[in-house]
Structures are given as structure tokens and as C-alpha cells.
Amino acid sequence: MPSPHVTEPSRQTPVYGDYEVVVVGGGPAGIAAAIAAGRSGRATICIERYGFCGGAGTAAGLCTFCGLHAVVHGEHEQIVHGIADDILARLERMDGLNKPHLTIQNQILAQAYDISAFKIAADELLAEANVHVLFHAFATGAVMSSDDRIEAVLVETKSGRFAVRGQIFIDASGDGDLAAWAGAPYEVGDGAGNMLYPSTMFRINGVDPAKAGRAWELIPQLMEEAEQRGHSFPRKKPIVRPQRNPIEWRANLTQIKNPDGTAVSGIDLRELAYGEVEGRRQCWDVFQFIKETTPGFEQAYIVEIAPQIGIRETRRVRGEYVLTESDILGCRDFADTIGVQGWPVEAHIKGDVKFVFAARESRGFNEIPYRIIVPQKLDNLLVAGRCASMSHEGQSSARVSGPCFIMGQAAGTAADLALATSLAPRAVDIAMLQQRLRAAGVNLGPSGR
Ligand SMILES: Cc1cc2nc3c(=O)[nH]c(=O)nc-3n(C[C@H](O)[C@H](O)[C@H](O)COP(=O)(O)OP(=O)(O)OC[C@H]3O[C@@H](n4cnc5c(N)ncnc54)[C@H](O)[C@@H]3O)c2cc1C
């Protein structure tokens, strides 16, 4: 029987460069982290496996910023500020931003953007902050200088394998890749093996906007009626809405399961490979239904199926605090706030999406504590974005773009403070961090005023 392993020869790995701040991942969290560190004057590199930034916001075809707004005592308000504003302003200037629209049964605002414009806005803002963006570099491992310190990240590239050495590392990979390799504790799913279900997003072009009208209301109704006649769709609560130019619509209505019905895992190679094919199959299937049944879509076609399956949840790295559903629904304040967010709990469960909002008459947002981006055990690592320290239910809310911008900006700023004071990120002065974030336009909530 052949051995299940091969032995690789030991090797000397060339150092690509030495940086003060090394960010892994160029999604919403990584973009904000790298810009904040770069603007602080730190030699910063952002390592991204694709040839563009934006994370799920571009690679998984989202097209919409959620979590920038909240319903504050019944009024809709943009509550997330800071680097998020710079991104919005850049998109607006490029004519790549819709006005905010009501979503989730008209209960909260979200804001759609053009994916290509987001890629370019990120390129420009990162360049202006003097961040070196290393595209086409897949981080694959960590070299440790001790049990609790990372010395370098290993990257695989078309030019071979390199080590990127750094002083402070920020894991914004969405999957907690670097934190896991470095030995930080983490959790996956709800404790019973269930992760949020992924979706493959697609965009439709060639829609007749006048005929389509408010088809975002009609399509869910048509799908529901078809289900009553025996048609089966991947999940309930489909979202199909117009983009900036209403000949183009985005579609978020697939749900990617394994043959046994469990959610495809974004950290399992075989499941990911299966999920990509299954995702495209679902896109094609449901698009045929929309085209055949919806006025205004007769000449429509799929202009793009997102380059990759959209992964909502994988590892959540255990930090000094775990943000929970009750913190979110209870609009909780924290003395170490780094910003605010008010997105509801949005649980992608089998066949459906379950939304839970804070009470309508409540303040409608919670503060985000610094401790959720400070992992246990590691002394020169911060973890920002959907893989930060949250419970399964807490992550079902605070994983969307708005809070990811907040966590990223705080991580990049905290990295600068840690370097300036020669302290571990967990020991940085919170009042000083808050002062810096406030000065950079971040809304810290009542505890940070
Ligand atoms: C189908 C779907 C629909 C969604 N809809 C919305 C929505 O409408 N609005 C919204 O705000 N949020 C939405 N979300 C949530 C979305 O995941 C978050 O908003 C956000 O993208 C998470 O940001 P992040 O930076 O933490 O991670 P990600 O966006 O996942 O970014 C991680 C980045 O790291 C890179 N990366 C990962 N591993 C490595 C590695 N080892 N080496 C190098 N690079 C690496 C990736 O390529 C990626 O660019 C949706 C999610 C999904 C899956």
C-alpha cells in the first residue's frame, strides 16, 4: 500500500521583504487594516491571493455594503464612518455607488456598488497610503520565532515560495488562516458542526428596467408560487435587485450544500471544489426560471457568475472577548469600543435565512470591543473581519462589510500603536487607540465619546 504522505526536502526560502505591518487578505477588513497602517507611516504589505482586492465584496460578487447603517430609535442612519467613508466617496466619484436602499422586508438600509469600481477604489486608496499590495500571493504557512510570535508568512507565487517577514501581523483572510497556522485557538460553526451556508452570487444583464419595474418584489412571489406547484429552489428569501444601471441586476438566492445536506466548508478543499460546480449549476437553474417567468427579463443573460463561491463563515479565532448575539440584540456598550454596527443577526440555515433584529424602539446598534480582534496566545497578531472572535450567532451579524471596515481600521491603527510603544497589541493603551480612531472619523459610540 503506498504511503499517504511524501517527504519534502528541507529548503531555504528567500525573504520577499521586511515590513512593519503584514496584512494577510485584501477584503473589507484587510483593505481598511492596510490603509490605516499605511497612513500611520508604517511599512505595510497586503498579501492577497487574487489579482484584486475587495474580498467577498468582489471575488464572491456581493455588490452591496451591509452594516453601514442602523435603525436608531426608528430612524435610518449611517453609523459606520472612517475609512468606510473614503471608500464610499471614491465610489461616488466614480459613479459606482447606488443610493442606500431598504432591504430585508424594508427594515434596514444597504448600499450597492459596482464591483469593478470597488476594485479600483481599493487599488487607489491602498496606493495613496503607500501600502505594497502583493497580488497573486497565496499565504500558506507561518514561520514562528517562538510559541507566541510570528516571524514570517510563507507565500506561494508564480515566482516560487517566499517568506514575508514582519513585526505585527494582521490576519484578514476571512478564514483565520494565519491565526490557525500560528496556533491560535479557534472555533468553527455552531458547536454541532453547522456553519452558515455559502451562496454563489451572479449578475444578470439585458434587463428591460421599465418592464421589470419592482421585480425584486415579484420574483420572490413567483418563486413561492412555483414552490407550491412542486418546484424546488435552493433557499427561501431570494434577493434579486437592480445595480447602478438598472439593465443589470444582482442575484443572491443560491445555497450550497454537500450531498448530505450540510453546508459546504470554505476550509475543506474537496467541498470547495464540489461547491463551485454546484453553485454554478444552481445559478443557471434559477436564472432560467427568472428569465421564463419575469416580465422585463425575456432578453436577459447571466453576465457573470462570481469568480468564487461566497463563504460566510469558517474559523472564528478566539480572542480576549467573544461578541455574542445578546451583545448585538441588546445594543451593548463596551469600554474598549473601536466602532459600532447595527446589522441584524442573519443566519443562513438549511433552506432559509433567519433574520433577528434588535427591538425597533431600541438604539439599534452595538459597540464593537477591541478585544475581539486580539487573539489569545499570540503576541504580534491581530485578527480582523469575519474570522474575529464572535460566537456563531454574533458572527451571523457582525461579519458584514460595515463592521469588517471597523475591525480592519482598528487593527491597522493598533498595529501602529503597538510598534510605537513596543507593546503587544493586547497591551496597547485603549484611550490612545480610541483617540486615534476618533480623529480618523470613526464613530465609536457613546462609550468612546
Ligand atoms: C454570498 C454572500 C453574500 C454576502 N452578502 C453581503 C452583502 O450583501 N453585504 C455585506 O456587507 N456583506 C455580505 N456578506 C458578508 C461578507 O462576507 C463580508 O461582508 C466581508 O466580505 C467579510 O470581509 P473580510 O475582509 O473579513 O473577509 P473576505 O471578504 O472573505 O476577504 C478575505 C480576503 O482574503 C483573501 N485571502 C483569504 N485567504 C488568503 C490566503 N491564505 N492568502 C492570501 N489571501 C487570502 C481572500 O482572497 C479575500 O480577498 C456576504 C457574504 C457572502 C458569502
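Just so you know, ligand 1 is whichever comes first in the structure, and atom 1 is the first atom listed for that ligand.
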Pair Gln341-Asn366, side-chain donor/acceptor within less than 3.5 Å = yes

Pick out which of Val286, Val353, Thr200 makes a side chain to side chain contact (heavy atoms under 4.5 Å, CB included) with Leu253.
-> Val286

Just jot down the ligand 1 atoms closer than 4.0 angstrom to any heavy atom of Thr64, in number order.
-> 7 (C), 8 (O), 9 (N), 10 (C), 11 (O)

Answer side chain, backbone, both or neither: which part of Cys404 comes under 4.0 Å from ligand 1, heavy atoms only.
-> side chain

Are Gly26 and ligand 1 in contact, using a heavy-atom cut-off of under 4.0 Å?
-> yes

Contact check, Ala60 vs ligand 1, heavy-atom distance below 4.0 Å = no

Measure from the side-chain N and O atoms of Glu48 to the backbone N and O of Tyr50, and report whether any donor-acceptor pair falls under 3.5 Å.
-> yes

With heavy atoms only and a cut-off of under 4.0 Å, state how Ala172 meets ligand 1: side chain, backbone, both or neither.
-> backbone

Protein heavy atom at shortest distance from atom 25 (O) of ligand 1 | Ala29 N, 3.0 Å

Could you tell me whether the side chain of Asn258 and the main chain of Asp260 form a donor-acceptor pair under 3.5 Å?
-> no

Got the closest protein heavy atom to atom 49 (O) of ligand 1, with its distance?
-> Glu48 OE1, 2.6 Å

Quick check: does Ala139 get an N/O under 3.5 Å from an N/O on ligand 1?
-> yes

Salt-bridge criterion met for Arg165 and Asp18 (N-O under 4.0 Å) = yes

Check the pair Asp416 / Thr413 against side-chain hydrogen bond (donor to acceptor under 3.5 Å, both in side chains), numbers first and verdict last.
-> CA-CA 5 Å; Asp416 174 50; Thr413 310; over 6 Å; no

Residue pair Gln243 / Arg250, side-chain donor-acceptor N/O under 3.5 Å | yes

Under 4.0 Å from a heavy atom of Cys66: give me the atoms of ligand 1 that qualify, with their elements.
-> 7 (C), 8 (O), 9 (N), 10 (C), 11 (O)

Under the side-chain hydrogen bond (donor to acceptor under 3.5 Å, both in side chains) criterion, do Ser326 and Arg332 qualify, and how do the steps go?
-> CA-CA 8 Å; Ser326 75; Arg332 184 145 177 220; over 6 Å; no

Contacting atoms of ligand 1, where contact means under 4.0 angstrom from a heavy atom of Gly385 = 26 (O)

Minimum non-hydrogen distance to atom 41 (N) of ligand 1, winning option of Leu253, Asp177, Ile309, Leu62 = Asp177

Check the side chains of Thr103 and Arg241 for a donor-acceptor pair under 3.5 angstrom, ignoring hydrogens and angles.
-> no

Would a 4.5 Å heavy-atom cut-off, applied to side chains only, mark Phe65 and Leu91 as touching?
-> yes

Is Ser199 close to ligand 1, meaning an N/O of one under 3.5 Å from an N/O of the other?
-> no

Which atoms of ligand 1 are found less than 4.0 Å from any heavy atom of Ile47?
-> 43 (C), 44 (N)

Identify which one of Leu269, Ile267, Thr262 satisfies the side chain to side chain contact (heavy atoms under 4.5 Å, CB included) criterion when paired with Ser265.
-> Ile267

Counting heavy atoms only, which part of Leu178 comes closer than 4.0 Å to ligand 1: side chain, backbone, both or neither?
-> neither

Answer yes or no: are there more than 12 heavy-atom neighbours, outside Lys377 itself, under 6.0 Å from its atom NZ?
-> yes

What protein heavy atom sits nearest atom 27 (O) of ligand 1, and how far off is it?
-> Gly174 CA, 3.8 Å

Please step through side-chain hydrogen bond (donor to acceptor under 3.5 Å, both in side chains) for the pair Gln78 and Asp85, ending with a clear verdict.
-> CA-CA 10 Å; Gln78 185 186 334; Asp85 286 327; 3.0 Å; yes

Find all atoms of ligand 1 within a distance of less than 4.0 Å from any non-hydrogen atom belonging to Gly27, and give their numbers and elements.
-> 25 (O), 31 (O), 33 (C), 49 (O)

What atoms of ligand 1 come closer than 4.0 angstrom to any heavy atom of Ser173?
-> 32 (C), 34 (O), 37 (C), 38 (N)

Leu222 and Phe289 have their tightest heavy-atom pair at O-CZ, 3.6 Å

For atom 29 (O) of ligand 1, the closest protein heavy atom turns out to be Ala56 N, 2.8 Å

So, Asn98 side chain and Arg244 main chain: donor-acceptor pair closer than 3.5 Å or not?
-> yes

Structural part of Tyr50 in contact with ligand 1, heavy atom criterion under 4.0 angstrom = side chain

Has Asp175 got any heavy atom lying under 4.0 angstrom from an atom of ligand 1?
-> no

Looking only at protein heavy atoms, which one is nearest to atom 18 (C) of ligand 1, and how far off is it?
-> Arg399 O, 3.0 Å

Distance filter under 4.0 Å to Phe138 heavy atoms, resulting ligand 1 atoms = 40 (C), 41 (N), 42 (N)

Check whether the side chains of His392 and Glu313 place a donor and an acceptor atom closer than 3.5 Å, and report yes or no.
-> yes

Among all protein heavy atoms, pick the one closest to atom 53 (C) of ligand 1 and tell me residue, atom and distance.
-> Gly310 C, 3.0 Å

In terms of residue, atom name and distance, what is the protein heavy atom nearest to atom 1 (C) of ligand 1?
-> Arg312 NH2, 3.4 Å

Ligand 1 atoms nearer than 4.0 angstrom to some heavy atom of Gly25 are 33 (C), 34 (O), 35 (C)

Considering only non-hydrogen protein atoms, determine which one is nearest to atom 36 (N) of ligand 1 and report residue, atom name and distance to 0.1 Å.
-> Arg49 NE, 3.6 Å

Where on Ala137 is there a heavy atom closer than 4.0 Å to ligand 1, on the side chain, on the backbone, on both, or on neither?
-> backbone

